[in-house]
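The structure under discussion appears below in the form of structure tokens.
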Protein chains: 2
Amino acid sequence: MAKKELKEEMETSAKILRKKENIINAALIIFSQDGLNGARMESIAKEANISKSNIFYYFQNKEVLYIAVLEKVLSEWLSPLSEININQDPKKALQTYIEAKYEMSKKSPAASRLYALEIMQGAPHLMPVLKGPLKRLVREKVSVIDGWIAENKIKPVSAIHLIFHIWAVTQHYSDFSNQIEAVSSHTLRNKKFAKGALDTSIQLLVDSLIL
Amino acid sequence: MAKKELKEEMETSAKILRKKENIINAALIIFSQDGLNGARMESIAKEANISKSNIFYYFQNKEVLYIAVLEKVLSEWLSPLSEININQDPKKALQTYIEAKYEMSKKSPAASRLYALEIMQGAPHLMPVLKGPLKRLVREKVSVIDGWIAENKIKPVSAIHLIFHIWAVTQHYSDFSNQIEAVSSHTLRNKKFAKGALDTSIQLLVDSLIL
DNA sequence: GTCTATAAACAGATAGAC
DNA sequence: GTCTATCTGTTTATAGAC
């Protein structure tokens, strides 16, 4: 019966997705530590609690798996920027954006590291996204910020460099947490320390621009 | 004759150092792209224009070479912070520090990336330096900045987070140059763009603190 | 679908000629 | 000192039992 077959197919499909999801999550942890070349399929298998060959049942090869991990990470990684628009209050909009970036870095440090590794290695799998959708998105937000300046709502500042500064800081507290912890004995997991980091960013990157 | 032998030994030694230097420079390029595990000795050999086995004549194994590269990078990487002291004018001192960090990132992007990769992978070879000399250095500079605040020379700010913000930005323009170039079509090699980056950092991280 | 066993390719390191 | 050839251990990927 067609209806039953369809239901079974959906269940199977959902099951496959869950299995793939499990592998992708394990792969994210390993790839984010060692990069594409440095990561070992054996380590991913161990992390996922399955056999190495089982991974190859779901993913053709290492690179296909890597790209699947990147795609999962990317969508959520670039989304908060989209929220900013010209009708918002500048202080509130920028503050919300920075908070969202901090929140993501804290929630998904592995995703942050993987993104950083990919970019630092020349973004071989990501360059089209950077040059296409991300570039358009940034250009759009630059004109929003320029609009605020033109309306005398914030002090003059280079919009694109402001965006880069925000990216720099939020990425740094996540990716360099080892150094930060070694030097200061704190990480973003410490609430007071996290508040200090965020407050300093707001003070330097937002409040300093408010007239 | 003793004098002649000594001279020959020194020449040999200098020659060995030059050879080692050549290998280290090639290794820096490869390690900074792929990290310790991801890098291939074959790639380093090719970059150095010698055979793979020749590298092993000068360096016992891959890790010894990696540590030699790290040591070369590290000394110059952490030095500019030392210059800051309480008797300087705050604006000038911070500005000079930021300029020095930008200059280094521009001059040695590979060194910057290698340092970032090592930190992101848990700093297995660098942790003692971070927890020892770097931590002491930072603590010292925090008290310099706190001194400026106490003397009402700059606005109140979290000194350690200010330092982290400066590190974040200078590291970012170097390590994420691929993303920056993809998005903005410029790099720090473009003088006008580099000036825009530096000016924005000074505006946000220094001038905003001046009373 | 998942596993064990194994093939095939690769990479670090060594041996030995020159 | 530098190279080519090779050894040895790993690692990706496949074959085949269950």
Side-chain angles (χ1 to χ4, degrees), chain A residues 5 7-70 114 117 121 124-125, chain B residues 5 7-70 114 117 121 124-125:
Chain A
E5 276 165 22
K7 188 163 176 253
E8 272 174 359
E9 203 180 292
M10 282 174 64
E11 276 171 0
T12 310
S13 180
K15 201 169 181 180
I16 288 177
L17 285 180
R18 274 210 312 283
K19 296 272 184 178
K20 282 190 158 193
E21 187 79 7
N22 178 46
I23 295 169
I24 288 176
N25 288 336
L28 170 57
I29 292 170
I30 304 302
F31 280 135
S32 74
Q33 277 163 23
D34 300 331
L36 171 57
N37 289 329
R40 297 288 97 111
M41 295 301 273
E42 181 62 45
S43 313
I44 297 173
K46 211 173 175 181
E47 184 70 37
N49 280 310
I50 56 174
S51 72
K52 192 176 56 169
S53 61
N54 199 185
I55 297 178
F56 288 102
Y57 180 80
Y58 291 99
F59 297 92
Q60 213 172 13
N61 58 42
K62 196 187 186 182
E63 196 177 12
V64 166
L65 173 58
Y66 178 75
I67 290 172
V69 174
L70 261 192
L114 184 74
L117 284 175
Q121 285 168 17
H125 302 87
Chain B
E5 277 162 23
K7 187 162 176 253
E8 272 172 1
E9 203 180 292
M10 282 174 62
E11 278 171 359
T12 310
S13 179
K15 200 170 183 179
I16 288 177
L17 285 180
R18 272 209 315 281
K19 296 272 182 178
K20 282 190 156 191
E21 187 79 9
N22 178 46
I23 294 170
I24 287 176
N25 288 337
L28 170 57
I29 291 170
I30 303 302
F31 281 135
S32 73
Q33 278 162 24
D34 299 333
L36 172 56
N37 290 330
R40 299 287 97 112
M41 295 300 275
E42 182 61 46
S43 313
I44 297 173
K46 210 172 174 182
E47 183 69 38
N49 280 310
I50 56 174
S51 71
K52 190 174 60 166
S53 61
N54 199 7
I55 297 178
F56 289 101
Y57 180 81
Y58 291 99
F59 296 92
Q60 212 171 13
N61 57 42
K62 196 186 186 184
E63 197 177 12
V64 166
L65 173 57
Y66 178 75
I67 291 173
V69 175
L70 260 192
L114 183 74
L117 283 175
Q121 284 168 19
H125 303 86

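Here is the naming used below: chain letters follow the sequence lines, and residue numbers restart at 1 for every chain. Computed from a predicted model, the values in this text were never measured in an experiment.
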For a 4.5 angstrom cut-off between non-hydrogen side-chain atoms, does A/Met41 reach A/Ile44?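 Of all side-chain heavy-atom pairs linking A/Ile44 with A/Met41, at least one is under 4.5 Å.
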Whole angstrom value for the distance that separates [atom2] of [N] from [atom1] of [X]:
| X | N | atom1 | atom2 | result |
| --- | --- | --- | --- | --- |
| A/Phe56 | D/dT11 | CZ | C1' | 9 Å |
| A/Tyr58 | D/dT14 | OH | P | 17 Å |
| A/Ile50 | C/dC3 | CD1 | P | 7 Å |
| A/Lys20 | C/dT2 | NZ | C1' | 17 Å |
| A/Asn49 | C/dC3 | CG | C1' | 15 Å |
| B/Lys52 | D/dT2 | NZ | P | 17 Å |
| A/Asn61 | D/dT11 | CG | C1' | 14 Å |
| B/Ile44 | C/dA13 | CD1 | C1' | 14 Å |

Any side-chain N or O of B/Asn54 less than 4.0 Å from the OP1 or OP2 oxygen of D/dG1?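 No, outside the criterion.
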So does B/Tyr57 get a side-chain nitrogen or oxygen closer than 4.0 Å to the phosphate oxygens (OP1/OP2) of D/dG1?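 For D/dG1, OP1/OP2 do have a side-chain N/O of B/Tyr57 under 4.0 Å.
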Report yes or no: does A/Lys62 contribute a side-chain atom to a donor-acceptor pair with the main-chain N or O of A/Leu36 at less than 3.5 Å?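 Yes: the side chain of A/Lys62 pairs with the backbone of A/Leu36.
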Base of C/dT2 paired with side chain of A/Ser53 (donor-acceptor, under 3.5 Å):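 Under the 3.5 Å cut-off, the side chain and the base do not form any donor-acceptor pair.
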Side chain of B/Ser51, base of D/dT4: donor and acceptor closer than 3.5 Å?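 By the distance-only test, no, there is no pair.
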Kindly write out the residues that satisfy ring pair (Phe, Tyr, Trp, His ring centres under 6.0 Å) with A/Tyr66, not counting sequence neighbours, or none if the list is empty.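 Listed in chain order: A/Phe31, A/His125.
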Which atoms form the tightest heavy-atom contact between B/Ala45 and B/Ser51, and what is the distance?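 It is CB-C, 3.8 Å.
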Which heavy atom of B/Gly35 sits nearest a heavy atom of B/Leu117, and at what distance?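 Closest pair (atom of B/Gly35, atom of B/Leu117, distance): N-CD1, 3.7 Å.
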Does the structure place the NZ or CZ of B/Lys20 under 6.0 Å from the centre of the six-membered ring of B/Phe59, at an angle of no more than 45° from the ring's axis?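 The answer is yes, since B/Lys20 meets both limits relative to B/Phe59.
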side-chain hydrogen bond (donor to acceptor under 3.5 Å, both in side chains): which pairs involve residues 23-46 of chain A, sequence neighbours left out?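 Residue pairs with at least one partner in residues 23-46 of chain A: A/Asn25-A/Lys72, A/Ser32-A/Arg113.
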Using a 4.0 Å heavy-atom cut-off across all strands, classify B/Phe59 as base, sugar-phosphate, or nothing.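 If one applies the 4.0 Å heavy-atom cut-off, B/Phe59 turns out to touch nothing in the nucleic acid.
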Checking all strands, does A/Lys19 fall into the base, sugar-phosphate, or nothing category for heavy-atom contacts under 4.0 angstrom?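 Sugar-phosphate contact only - A/Lys19 comes under 4.0 Å of backbone atoms but never of a base.
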Scan residues 22-40 of chain B against DNA chain C and write down, sorted by residue number, each residue with any heavy atom closer than 4.0 Å; if none is found, say none.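 Within this stretch, B/Ala39, B/Arg40 sit under 4.0 Å of the strand.
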